Amino acid sequence: MGKQILIVDDETSIVTLLKFNIEQAGYETDVAYDGAEAIKKAESADFDLIILDLMLPEMDGMEVCKQLRVQKIDTPILMLTAKGEEFDKVLGLELGADDYLTKPFSPKEVVARIKAILRRSDKAEDNSLSIQIGQLIIYPDRYEAEIRSEELTFTRKEFELLYYLASHKGKVLSRDQLLSAVWNYDFVGDTRIVDVHVSHLREKIEPDTKKPVYIKTVRGLGYKMEEPK
């Protein structure tokens with residue numbers, strides 16, 4: 001069975017275009033035309049990716065994204081936004097979207113984004129070796145981690161950031177490097193999303209967030225993961 005993609009958009013012309021091109025690229029598709037239907041389908045089936053329009057009747061894409069993440073449904077989400085629509089990319093990604101694309105877009109571009117997101121997702125799941133740093137243990141294949149034997153909960157992006165920092169233990173990583181590696185993004189200097197996610201991670205793993213021992217800030221450079229002394 002091929003990769004399953006859920007298309008969520010209330011414009012039938014967009015749905016038809018996406019469905020045709022995505023299926024031509026070898027994926028299987030299902031469709032939802034509003035937010036409530038999208039949540040229902042995402043709860044009942046195991047999709048590999050959700051393409052989610054921002055402007056939907058009843059419930060917008062941001063709210064759908066938020067609700068799915070609250071329910072621990074961590075399927076990658078590609079958000080669609082129309083040119084000129086108010087969309088805070090930082091907030092969208094913080095709520096759990098993995099990428100976004102502005103309409104009008106070329107079908108080729110959509111397929112390329114899908115492949116990139118699924119490739120990153122598969123890569124993280126294929127790596128089954130656990131990583132231990134201090135009392136923190138990370139299980140990449142299960143998207144799980146524990147500290148002092150207590151299980152931690154993360155959004156997908158929080159986990160991917162934690163895993164990337166841990167995989168490069170002792171190395172200083174700039175915010176731009178982290179954006180590129182974890183979000184596959186160039187934000188042209190807008191790196192708030194990294195700081196917000198680091199702050200969330202510290203709340204979960206640091207004994208004292210004011211004096212972090214795992215994720216250190218390197219002033220003027222970025223962040224680095226260390227063994228606690």
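These numbers come from the heavy atoms of this one structure, side chains and all, not from hydrogens, waters or symmetry mates. Predicted model only: the values in this text are computed from it and were never measured.
Taking CZ from Arg202 and NZ from Lys216, the interatomic distance works out to 9.5 Å, rounded to the nearest 0.5 Å. The distance from atom CE of Met62 to atom CG of Leu52, rounded to the nearest 0.5 Å, is 10.0 Å. One distance of note links CG of Leu78 with CZ of Arg113; it measures 7.0 Å at 0.5 Å rounding. One finds the CD atom of Glu28 at 8.5 Å from the CD atom of Glu23 (value rounded to the nearest 0.5 Å). Summarising the geometry, atom CD1 belonging to Ile138 is positioned 7.5 Å from atom CD1 belonging to Ile205; distances are rounded to the nearest 0.5 Å. Atom NZ of Lys115 and atom OH of Tyr27 lie 5.5 Å apart (nearest 0.5 Å).
Inter-residue side-chain proximity for Met225 and His168 is flagged as unmet; no heavy-atom pair is nearer than 4.5 Å. In this structure, the side chains of Val194 and Trp183 come closer than 4.5 Å at one or more pairs of heavy atoms. Side chains of Asp30 and Gln4 form no contact here, defined as non-hydrogen atoms less than 4.5 Å apart. No side-chain heavy atom of Val182 sits less than 4.5 Å from a side-chain heavy atom of His197. Residues Thr153 and Lys72 meet the side-chain proximity criterion, which asks for heavy atoms closer than 4.5 Å. Annotation: side chain of Asp60 is in contact with side chain of Glu63 (closest heavy-atom distance under 4.5 Å). Two residues are said to be in side-chain contact when any heavy atoms from C-beta on lie closer than 4.5 Å; Asp74 and Phe159 fail this criterion. Side-chain atoms of Asp9 and Ile51, non-hydrogen and from C-beta on, never get closer than 4.5 Å to each other.
Ionic pairing of Lys40 and Glu43 is not present here: no N-O contact between side-chain nitrogen and carboxylate oxygen is shorter than 4.0 angstrom. Salt-bridge annotation for Arg69 and Asp98: present, with a side-chain N of the basic residue lying under 4.0 Å from a carboxylate O of the acidic one.
Nearest heavy-atom pair across Ser130 and Pro140 is CA-CD, 4.1 Å. The shortest heavy-atom contact between Ile131 and Ala166 is CG2-CB, 4.2 Å. Here the closest non-hydrogen pair linking Lys224 and Gly170 is CD-O, 3.8 Å. Across all their heavy atoms, Ile114 and Ile5 have their closest contact at CG2-CD1, 3.6 Å. Nearest heavy atoms, Ile73 versus Ala42: CD1-O, 4.0 Å. Here the closest non-hydrogen pair linking Ala145 and Leu162 is CB-CD2, 4.3 Å.
Counting only distance, with no hydrogens or angles, the side chain of Thr16 and the backbone of Thr12 share a donor-acceptor pair below 3.5 Å. Remark: the backbone N or O of Tyr33 is paired with a side-chain donor or acceptor of Glu37 at under 3.5 angstrom. Formation of a donor-acceptor pair under 3.5 Å by the Lys103 side chain with backbone atoms of Leu80 is not found in this model. Of the possible polar contacts, none joining the Asp53 side chain to the Val8 backbone as a donor-acceptor pair under 3.5 Å is found. A donor-acceptor pair under 3.5 Å links the side-chain atoms of Glu206 to the main chain of Val213, judged by distance alone. Of the possible donor and acceptor atoms, none in the side chain of Arg175 sits under 3.5 Å from a partner among the backbone N and O of Arg192. The backbone N or O of Lys229 lies less than 3.5 Å from no partner atom in the side chain of Glu227, so there is not a single donor-acceptor pair.
Asp208 CG: more than 12 foreign heavy atoms inside a 6.0 Å radius. By the neighbour-count criterion of 12 heavy atoms within 6.0 Å, atom CD of Glu146 is densely surrounded, having more than that number from other residues, nucleotides or ligands. Annotation: Glu150, atom CD; neighbour count of heavy atoms from other residues, nucleotides and ligands within 6.0 Å does not exceed 12. Lys66 NZ: 12 or fewer foreign heavy atoms inside a 6.0 Å radius.
Hydrophobic clustering of Ile, Leu, Val, Met, Phe, Trp and Tyr side chains at less than 4.5 Å, counting indirect connections, keeps Val111 apart from Ile77. Val196 and Leu152 fall into different hydrophobic clusters, where Ile, Leu, Val, Met, Phe, Trp and Tyr are joined by side-chain heavy atoms under 4.5 Å apart, directly or via other members.
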Verdict with supporting geometry, Ile39 and Gln71, side chain to side chain contact (heavy atoms under 4.5 Å, CB included): CA-CA 10 Å; Ile39 289 171; Gln71 292 180 51; 3.9 Å; yes
Derivation of the side chain to side chain contact (heavy atoms under 4.5 Å, CB included) call for Val110 and Leu17: CA-CA 11 Å; Val110 178; Leu17 178 75; over 6 Å; no
Worked verdict on Tyr214 versus Leu201 for side chain to side chain contact (heavy atoms under 4.5 Å, CB included): CA-CA 10 Å; Tyr214 285 97; Leu201 286 179; over 6 Å; no
Check against side chain to side chain contact (heavy atoms under 4.5 Å, CB included), Tyr143 and Glu160: CA-CA 8 Å; Tyr143 268 73; Glu160 287 175 3; 2.9 Å; yes
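Counting only N and O atoms by type, the side chains of Tyr223 and Asp195 include a donor and acceptor under 3.5 Å apart.
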